[in-house]
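Taking it in order: structure first as structure tokens, then the write-up.
These figures come from a predicted structure and were not determined experimentally.
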Amino acid sequence: MDERISVDLEKSIHIIGHSYGEHPIIYKDREDLHLHCRLMNWGCIPFYVKDEAAFSKQRAFMLNARSERILEDKSSYWHKIRNRRCLVPVTGFYEHRKLAGFKNKIPYYIELKEQPLFFLPGLYSVVELPDRETGEMLRRFTFTVITRAANSLLQQIHNDGDNKGRMPLLLPFNLAKKWVEEELTQATYQTILDFEMPSTEITANAVFSIRTSKLRPDGKRANEAYQWEGLEKFPLD
């Protein structure tokens with residue numbers, strides 16, 4: 001039986017990757033082959049790392065794993081841990097959109113129409129590192145979220161920055177369950193990585209700023225729709 005975990009639902013409305021915070025992750029234990037849920041930190045720390053502080057600058061590049069590299073790039077860390085598959089339960093995620101006439105990018109909250117709760121496939125890593133206070137060696141579980149080329153809807157939203165044109169790999173429930181099966185053939189693995197969630201299955205609503213702890217002017221929650229003056233209705237044609 002898994003230990004009871006505590007999740008702050010208010011803070012979980014917006015989880016910032018670069019904070020490397022904890023998130024409940026579903027994975028199949030490699031010893032008993034049962035599904036478990038435990039808190040893991042976002043942003044993989046490779047199993048060979050000995051000094052977490054020295055690795056801190058590189059960790060920002062371990063928040064997401066490009067699907068194209070997992071099977072095809074045998075030199076990548078993602079290929080090495082390709083069988084440490086996990087699921088990240090979410091109700092939605094955020095992307096920012098750059099628009100002419102707006103000083104700041106507009107944040108959007110993206111959900112699946114038919115799945116109020118869904119799962120982002122990821123990979124997890126386990127490393128032994130010393131506790132900074134006691135020096136005791138502890139096993140650290142960390143994870144990354146898999147991304148793919150954006151579909152037609154997300155291309156219009158995630159349209160700026162170094163990783164523009166990307167989106168999390170979104171899976172229907174049947175493929176999410178298959179993702180955490182103990183064994184996947186190469187062909188099945190590739191089929192899952194190649195899956196593109198149709199734009200028609202996704203809802204995208206503009207929200208107020210998610211980069212501040214201040215309350216919204218209308219008093220609503222951070223992930224509720226917000227009507228920006230001059231912003232056209234979504235989706236676009």
Side-chain angles (χ1 to χ4, degrees), residues 5 7-8 11-12 14-30 36-90 93-96 98 105 107 119-150 154 157-171 179-180 189-190 192-193 210-211:
I5 61 178
V7 178
D8 188 323
K11 290 183 179 179
S12 296
H14 179 214
I15 298 173
I16 302 172
H18 288 83
S19 296
Y20 309 119
E22 289 183 321
H23 197 74
I25 301 298
I26 298 169
Y27 71 107
K28 180 165 284 189
D29 187 273
R30 296 166 72 85
H36 292 264
C37 183
R38 70 178 299 149
L39 292 175
M40 299 187 190
N41 293 99
W42 193 359
C44 268
I45 302 176
F47 56 76
Y48 52 78
V49 169
K50 303 301 181 184
D51 187 336
E52 184 176 351
F55 185 74
S56 60
K57 291 184 179 180
Q58 296 170 264
R59 193 175 179 187
F61 299 101
M62 307 297 278
L63 292 167
N64 298 326
R66 289 182 172 245
S67 62
E68 300 89 340
R69 299 189 63 194
I70 295 173
L71 296 181
E72 298 174 9
D73 185 357
K74 295 184 179 181
S75 66
S76 76
Y77 184 67
W78 311 131
H79 183 79
K80 292 179 175 63
I81 64 168
R82 63 192 181 280
N83 288 325
R84 288 191 177 271
R85 301 181 300 276
C86 63
L87 294 171
V88 186
V90 298
F93 62 95
Y94 299 92
E95 292 290 3
H96 284 83
K98 185 175 183 180
K105 295 179 183 178
F119 302 92
L120 304 180
L123 301 172
Y124 73 96
S125 183
V126 184
V127 60
E128 285 198 357
L129 289 170
D131 182 277
R132 293 181 180 179
E133 296 182 359
T134 66
E136 178 187 4
M137 296 299 291
L138 300 175
R139 294 181 81 207
R140 293 278 303 281
F141 285 74
T142 59
F143 73 95
T144 189
V145 172
I146 297 174
T147 66
R148 57 155 291 131
L154 268 296
I157 298 176
H158 195 191
N159 63 352
D160 189 58
D162 293 338
N163 292 308
K164 68 179 181 180
R166 304 291 298 181
M167 64 180 283
L169 177 60
L170 305 177
L171 299 178
W179 179 250
V180 286
Y189 203 132
Q190 190 66 62
I192 295 174
L193 292 179
I210 56 176
R211 290 175 171 164

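Here the closest non-hydrogen pair linking Tyr20 and Gly43 is CD2-CA, 4.4 Å. The shortest heavy-atom contact between Tyr27 and Met40 is CD2-CE, 3.7 Å. Across every non-hydrogen atom of Val145 and Pro168, the tightest pair is CG1-CB, 4.4 Å. Summarising the geometry of Cys37 relative to Pro24, their closest heavy-atom pair is SG-CB, 3.9 Å, with the distance given to 0.1 Å. Pro46 and Val127 get closest at one heavy-atom pair: O-CG2, 3.5 Å.
Side-chain N or O atoms of Ser67 include one that pairs as donor or acceptor with a backbone N or O of Thr147 at under 3.5 Å. Remark: side-chain polar atoms of Ser19 are not paired, donor with acceptor, to backbone N or O of Gly21 under 3.5 angstrom. With hydrogens and angles disregarded, no donor-acceptor distance shorter than 3.5 Å links the side chain of His36 to the backbone of Ile25.
Side-chain atoms of Ile157 and Met167, non-hydrogen and from C-beta on, never get closer than 4.5 Å to each other.
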**Request:** Using the side chain to side chain contact (heavy atoms under 4.5 Å, CB included) rule, take His79 and Ile70 through it: C-alpha gap first, then chi angles, then the decisive distance, then the call.
**Result:** CA-CA 5 Å; His79 183 79; Ile70 295 173; 5.9 Å; no
**Asked** Checking side chain to side chain contact (heavy atoms under 4.5 Å, CB included) for the pair Trp179/Leu169: CA distance, chi angles, key distance, verdict?
**Response** CA-CA 12 Å; Trp179 179 250; Leu169 177 60; 5.7 Å; no
**Request:** Mind running side chain to side chain contact (heavy atoms under 4.5 Å, CB included) on Lys98 and His96 for me, showing each step along the way?
**Result:** CA-CA 7 Å; Lys98 185 175 183 180; His96 284 83; over 6 Å; no
**Residue pair Ile192, Leu171: steps toward the side chain to side chain contact (heavy atoms under 4.5 Å, CB included) verdict** = CA-CA 8 Å; Ile192 295 174; Leu171 299 178; 3.9 Å; yes
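Tyr77 pairs by the side-chain hydrogen bond (donor to acceptor under 3.5 Å, both in side chains) definition with Ser125, not counting sequence neighbours. In this view, Trp78 satisfies the ring-ring contact (aromatic ring centres under 6.0 Å, His included) rule with no residue, not counting sequence neighbours. Considering only residues two or more places apart in sequence or on other chains, Val126 meets the side chain to side chain contact (heavy atoms under 4.5 Å, CB included) condition with Arg84, Tyr124, Arg139, Phe141. Applying the side chain to side chain contact (heavy atoms under 4.5 Å, CB included) criterion to Lys164, with sequence neighbours excluded, gives no partner residue.
Applying the salt bridge (charged side-chain N to carboxylate O under 4.0 Å, His left out) rule to pairs touching residues 62-71 yields Glu68-Arg166, Arg69-Asp73, sequence neighbours excluded. Residue pairs meeting the side-chain hydrogen bond (donor to acceptor under 3.5 Å, both in side chains) criterion with at least one partner in residues 41-62, sequence neighbours excluded, are Glu52-Arg140.
The CG atom of Leu129 sits 10.5 Å away from atom CZ of Phe55, with the distance rounded to the nearest 0.5 Å. Remark: Leu154 CG to Glu95 CD distance equals 6.0 Å, nearest 0.5 Å. Taken to the nearest 0.5 Å, the CG atom of Asn83 stands 12.0 Å off from the NZ atom of Lys28. Interatomic distance, CZ of Arg148 versus CG of Leu170, reported as 9.0 Å (0.5 Å rounding). Put simply, OG1 on Thr144 and CD1 on Ile45 are 12.0 Å apart, with the number rounded to the nearest 0.5 Å. Remark: Glu72 CD to Leu193 CG distance equals 9.0 Å, nearest 0.5 Å.
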